[in-house]
Amino acid sequence: MIQIKDLVKLYGSPPQTVLNHVELNIPQGSVFGLLGPNGAGKTTLLSILLGLVPKTGGSVLFDGDEVEQHLAEVRASIGFVPQDFAFYPMLSARENLNFFAAAAGVPRALQKSQIDFCVHTTGLQNHIDKRAQNFSGGLKRRLNLAIGLLNQPKVLCLDEPTVGIDPHSRNFILEAITELNRQGMTIIYTSHYMEEVEQICDRVAIIDHGRILICGHINELLKSRNLAKLSVQMDKPLPANILENLRQRFSIESINETHIEVQTDDPLTVINALSPVLTEANLGIERIHYGFKNLEELFLTLTHKHLRDNADE
Ligand SMILES: Nc1ncnc2c1ncn2[C@@H]1O[C@H](COP(=O)(O)OP(=O)(O)OP(=O)(O)O)[C@@H](O)[C@H]1O
Ligand SMILES: [Mg+2]
């Protein structure tokens with residue numbers, strides 16, 4: 001549905017590369033997570049996809065058409081929930097929705113039903129006549145989402161829609177997104193929260209300094225063999241001479257004296273080698289795991305940084 005090829009974006013003078021030869025394929029019906037720390041280029045990428053910011057090079061295709069040449073169709077098909085609040089604080093939720101429905105070109109006859117759908121989806125029923133400026137952070141995020149849905153988009157782009165909100169609103173938003181996807185909407189979701197992306201997305205691209213580090217189905221990435229680790233937790237400390245012996249044969253990291261990790265694409269060979277050694281030393285295995293436990297671990301292996309540390313910079 002969306003194909004991004006060799007996308008480059010330079011900003012400022014001297015020019016700074018913000019998007020560095022980005023390649024992405026976002027299939028129809030997916031919940032696609034764009035995960036990256038502050039300044040990675042997530043908002044810039046969405047802004048180019050929506051035709052709000054010009055690209056420097058490459059191509060961005062929506063249903064096979066170059067976005068820049070089909071702005072009206074693209075904007076009619078994509079809903080956008082921006083990172084910053086995009087409504088009038090002095091107006092009530094209802095007044096905002098009426099205004100933005102007209103601005104989005106929703107036909108008059110459909111405005112009421114469409115606004116009702118957006119209010120229901122975001123759970124704003126009991127707050128509809130309150131001024132937006134008096135809303136909590138969570139309600140503001142939900143109003144932002146409701147406005148992004150007004151044009152009944154085929155694709156919904158959400159730019160960090162859960163920053164600074166209470167757990168109830170956060171869950172509400174994540175569940176609403178999952179339900180919208182179930183009804184057929186393609187979702188593009190930017191975040192620097194790994195857990196959220198793991199919870200709701202089927203595919204992910206991890207972006208850092210404008211480069212896509214990794215991209216694909218989350219389940220497959222967590223099993224990716226070229227970087228995967230076998231983690232073995234033993235019930236007693238591993239004697240130093242045994243560890244040294246294993247080190248000569250495998251790429252082993254000693255997490256602590258009872259826990260080793262072995263980077264390998266052939267876990268069975270490692271297990272076969274470990275088994276007699278552990279038996280001889282009278283050591284038992286408490287836990288064993290192959291692959292990445294979660295996206296955080298995958299990201300750490302790729303970048304040697306924690307995403308959160310990075311995000312808090
Ligand atoms: N209008 C602009 N002019 C110059 N530089 C910009 C502009 N907009 C963004 N940048 C720079 O581009 C880089 C990427 O910014 P962008 O906002 O796309 O990142 P992000 O991943 O959305 O970050 P965040 O998580 O903080 O929202 C940053 O270094 C930022 O300073
Ligand atoms: Mg951003």
Side-chain angles (χ1 to χ4, degrees), residues 2 4-24 26 31-60 62 67-68 71 74-75 78-87 137-138 140-145 147-148 155-165 169-170 173-174 177 187-201 203-215 218 295-296 298-300 302-303 305-313:
I2 292 165
I4 296 176
K5 292 182 196 160
D6 203 23
L7 178 62
V8 174
K9 176 67 187 175
L10 305 179
Y11 262 134
S13 167
Q16 183 203 349
T17 304
V18 172
L19 294 175
N20 197 347
H21 302 281
V22 167
E23 304 270 334
L24 284 182
I26 304 177
V31 183
F32 190 94
L34 185 61
L35 188 61
N38 289 137
K42 305 180 295 294
T43 300
T44 304
L45 185 63
L46 287 190
S47 305
I48 293 174
L49 172 61
L50 285 146
L52 301 171
V53 164
K55 59 185 165 31
T56 306
S59 71
V60 181
F62 182 82
V67 164
E68 278 176 356
L71 280 182
V74 168
R75 288 186 187 151
I78 305 185
F80 183 40
V81 180
Q83 188 165 2
D84 297 321
F85 296 125
F87 48 73
K140 285 178 179 161
R141 287 276 162 214
R142 282 149 70 176
L143 178 56
N144 229 27
L145 170 57
I147 292 169
V155 179
L156 183 65
C157 295
L158 301 112
D159 198 357
E160 310 222 24
T162 59
V163 168
I165 67 174
S169 285
R170 178 177 179 272
I173 287 178
L174 296 180
I177 292 168
I187 308 286
I188 304 176
Y189 187 92
T190 87
S191 179
H192 55 249
Y193 296 128
M194 299 253 181
E195 324 84 71
E196 281 188 2
V197 168
E198 273 189 280
Q199 186 181 334
I200 66 164
C201 298
R203 286 166 191 262
V204 68
I206 296 182
I207 184 169
D208 195 15
H209 298 299
R211 282 179 50 239
I212 302 291
L213 300 181
I214 201 160
C215 178
I218 293 183
L295 284 175
E296 175 79 35
L298 179 63
F299 185 81
L300 185 63
L302 286 173
T303 64
K305 285 187 291 195
H306 285 283
L307 185 59
R308 267 185 205 290
D309 297 345
N310 218 0
D312 291 341
E313 269 173 21

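We count ligands from 1, going down the list as the structure has it; atoms in each ligand are counted the same way. Computed over heavy atoms, backbone and side chain alike; hydrogens, waters and symmetry mates excluded.
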> Is at least one protein non-hydrogen atom found at under 4.0 angstrom from atom 31 (O) of ligand 1?
Replying inline: no

> Does Gln16 come within less than 4.0 angstrom of ligand 1, counting non-hydrogen atoms of the residue?
Replying inline: yes

>> Could you measure the distance from the CD1 atom of Ile188 to the CZ atom of Phe32? Nearest 0.5 Å is fine.
In response: 7.5 Å

> Against heavy atoms of Gln83, which atoms of ligand 1 measure under 4.0 Å?
Replying inline: 24 (P), 27 (O)

>> Which of the numbered atoms in ligand 1 are under 4.0 angstrom from any heavy atom belonging to Thr43?
In response: 17 (O), 18 (O), 20 (P), 22 (O), 27 (O)

> How many angstroms lie between atom CG of Leu295 and atom CD1 of Ile206, to the nearest 0.5 angstrom?
Replying inline: 5.5 Å

>> Arg142: which residues meet the side chain to side chain donor-acceptor pair (under 3.5 Å) condition with it, sequence neighbours left out?
In response: Ser169

>> Going by salt bridge (charged side-chain N to carboxylate O under 4.0 Å, His left out), name the pairs with one or both residues in residues 8-24, residues two or more places apart or in two chains.
In response: none

> Hey, is ligand 1 close enough to Ala40 that some N/O pair sits below 3.5 Å?
Replying inline: yes

> Which residue holds the protein heavy atom closest to atom 26 (O) of ligand 1, what is that atom called, and what is the gap in Å?
Replying inline: Asn38 ND2, 3.0 Å

> Looking at ligand 1, does any of its N/O atoms fall within less than 3.5 Å of an N/O of Thr44?
Replying inline: yes

> Phe299 and Met194: which non-hydrogen atoms are nearest, and at how many Å?
Replying inline: CB-CE, 3.3 Å

> More than 12 heavy atoms of other residues, nucleotides or ligands under 6.0 Å from CZ of Arg211: is that the case?
Replying inline: no

>> With respect to Gly41, determine whether any N or O atom, backbone or side chain, lies less than 3.5 Å from an N or O atom of ligand 1.
In response: yes

>> Could you check whether any side-chain heavy atom of Ile48 comes within less than 4.5 Å of a side-chain heavy atom of Ile4, counting everything from C-beta outward?
In response: no

>> Students should be able to answer this: which protein heavy-atom is nearest to atom 25 (O) of ligand 1, and at what distance?
In response: Lys42 NZ, 2.8 Å

> Numbering the atoms of ligand 1 from 1, which are under 4.0 Å from a heavy atom of Glu160?
Replying inline: 24 (P), 25 (O), 27 (O)

> Among protein heavy atoms, which sits nearest to atom 3 (N) of ligand 1, and what does the distance come to when rounded to 0.1 Å?
Replying inline: Tyr11 CD2, 3.5 Å

> Atoms of ligand 1 less than 4.0 Å from Val18 heavy atoms?
Replying inline: 12 (O), 13 (C), 14 (C)

> Which residue owns the protein heavy atom closest to atom 23 (O) of ligand 1, what's the atom, and how far is it?
Replying inline: Gly39 N, 2.8 Å

> Ignoring water, what protein N, O or S atoms are under 2.8 Å from the Mg ion (ligand 2)?
Replying inline: Thr43 OG1, Gln83 OE1

>> Using every non-hydrogen atom in the two residues, find where Val197 and Ser191 come nearest and quote the distance to one decimal.
In response: CG2-CB, 4.0 Å

>> To the closest 0.5 Å, what do you measure between CG (Leu7) and CG (Leu49)?
In response: 9.5 Å

> According to the side-chain hydrogen bond (donor to acceptor under 3.5 Å, both in side chains) rule, which pairs have a member within residues 43-56, sequence neighbours left out?
Replying inline: Thr43-Gln83, Thr43-Asp159, Lys55-Glu68

>> Taking 4.0 Å as the limit for heavy-atom contacts, which would you say applies to Pro37 with ligand 1: side chain only, backbone only, both, or neither?
In response: backbone

> How many angstroms lie between OG1 in Thr190 and CG in Leu45, if you round to the nearest 0.5 Å?
Replying inline: 9.5 Å

> Hey, does Gly210 sit under 4.0 Å from ligand 1 if you only count heavy atoms?
Replying inline: no

> Between CG of Asn20 and CD1 of Ile212, what distance do you get to the nearest 0.5 Å?
Replying inline: 10.0 Å

> What do you think, any protein heavy atom under 4.0 angstrom from atom 9 (C) of ligand 1?
Replying inline: yes

> Tyr11 pairs by side-chain contact (heavy atoms from CB on, under 4.5 Å) with which of Thr17, Leu19, Val53?
Replying inline: Val53

>> Assess, by modelled atom type and distance only, whether the side chains of Glu196 and Tyr189 contain a donor and an acceptor separated by less than 3.5 Å.
In response: yes

